[in-house]
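In this text, all values refer to a predicted model and were calculated from it rather than measured experimentally.
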Amino acid sequence: DTDVLWLRNPFGRLSSNETEDLQISTDYFNGDPWSEANSINTGFYFVRSNNLTVSLFEKWYSMKDNSTGKKEQDVLLDLMRSGTFRALGLKVRFLDTLYFSGFCSNSRDFEAVTTVHANCCRTIVAKILDLTAALRDWKRYKFSNRNGTAPYVWSKHVNCLKSWSP
């Protein structure tokens with residue numbers, strides 16, 4: 001997505017296991033990288049091109065094009081919940097928000113985080129304002145001496161929170 005800040009090279013945090021077909025970010029990570037109970041987010045995903053993933057994308061995009069009122073992420077979530085990942089034999093790794101963070105669930109560790117996604121946010125204006133704040137937080141962290149005892153925390157995503165109000 002274009003609403004994802006890449007703070008570091010995220011590829012080093014991806015599994016190099018060639019048997020994994022899809023690695024995908026989550027809104028909330030439940031601690032199990034194999035659990036379909038994780039809430040997927042299509043802000044960041046890595047796909048190994050093979051017959052299984054080609055089949056998934058063909059199914060996903062044909063359903064997306066015929067699903068009025070649903071975003072592509074909603075359609076993929078429906079496919080996962082209906083057992084399509086298992087039926088296709090896909091091996092899917094769900095990414096930890098510690099490394100692949102977002103506004104739904106901030107990374108707890110500035111040393112580990114690689115990306116920040118403006119998920120759980122409704123408007124472009126709110127995303128831009130809160131991503132700008134996240135970038136400011138990151139720069140403050142990167143240019144500090146980091147010898148203090150206080151942990152760094154992300155600014156509250158106030159614009160995104162407000163974007164849900166009528």
Check [X] against [Y] and note the closest heavy-atom contact, atom names and distance.
X	Y	answer
N9	T114	O-CG2, 4.3 Å
S101	V113	CB-CG2, 3.6 Å
V153	R140	O-NH2, 3.9 Å
G89	D21	O-OD2, 4.0 Å
A112	Y99	O-CD2, 3.4 Å
L5	L131	CD1-O, 3.6 Å

Let me confirm one number: the [atom1]-[atom2] distance from [X] to [Y], rounded to the nearest 0.5 Å.
X	Y	atom1	atom2	value
R122	W164	CZ	CH2	5.5 Å
S163	L161	OG	CG	7.5 Å
E36	N30	CD	CG	11.0 Å
T97	N38	OG1	CG	9.0 Å
Y61	S67	OH	OG	12.5 Å
F100	L95	CZ	CG	5.0 Å

Practice task
Identify, with sequence neighbours excluded, every residue that meets ring-ring contact (aromatic ring centres under 6.0 Å, His included) alongside F103.
Solution key: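 If we apply the ring-ring contact (aromatic ring centres under 6.0 Å, His included) test to F103, skipping adjacent residues, the hits are H157.
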Hey, quick one: are [X] and [Y] part of the same hydrophobic cluster, counting side-chain heavy atoms closer than 4.5 Å, chains of contacts allowed?
X	Y	result
Y141	L7	yes
W138	L98	no
I24	Y28	no
I40	V92	yes

Exercise for the section: Decide yes or no on side chain to side chain donor-acceptor pair (under 3.5 Å) for T26 and N41, but give the supporting numbers first. Expected result: CA-CA 5 Å; T26 58; N41 188 294; over 6 Å; no
Handout entry: Set of side chain to side chain contact (heavy atoms under 4.5 Å, CB included) partners for T19, sequence neighbours left out
Key =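 With neighbours one apart ignored, the set is N17, K91.
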Problem - A87: side chain to side chain contact (heavy atoms under 4.5 Å, CB included) partners, not counting sequence neighbours - result: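 Scan of A87 (side chain to side chain contact (heavy atoms under 4.5 Å, CB included), adjacent residues dropped) gives none.
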Handout entry: W154 (side chain) donor-acceptor with D137 (main chain) under 3.5 angstrom
Key =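 Not confirmed, W154 side chain does not pair with D137 backbone.
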Practice task
Please confirm whether the backbone N or O of L79 pairs with a side-chain atom of T84, one donor and one acceptor, at under 3.5 Å?
Solution key: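 Confirmed, T84 side chain pairs with L79 backbone.
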Handout entry: Residue among F85, F57, Y45 satisfying side-chain contact (heavy atoms from CB on, under 4.5 Å) with L76
Key =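 Considering F85, F57, Y45, a side-chain contact (heavy atoms from CB on, under 4.5 Å) with L76 is found only for F85.
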Problem - Identified salt bridge (Lys or Arg N to Asp or Glu O under 4.0 Å) counterpart of D78 within the set K64, K70, K71 - result: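 Running salt bridge (Lys or Arg N to Asp or Glu O under 4.0 Å) over K64, K70, K71 with D78 returns exactly one hit, K70.
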Problem - Cystine candidate C120-C160, SG separation under 2.5 Å - result: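 No; the two sulfurs sit 2.5 Å or more apart.
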Practice task
Anything under 30° is parallel, anything over 60° is perpendicular, the rest tilted; go ahead and classify F46 against F11.
Solution key: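 Answer is perpendicular, since the angle exceeds 60°.
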Exercise for the section: Could you check if a side-chain atom of R48 sits within less than 4.5 angstrom of a side-chain atom of E18, using non-hydrogen atoms only? Expected result: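 Yes, side chains in contact.
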Problem - Residues, nucleotides or ligands: over 12 heavy atoms within 6.0 Å of D65 CG - result: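 Result for CG/D65: enclosed.
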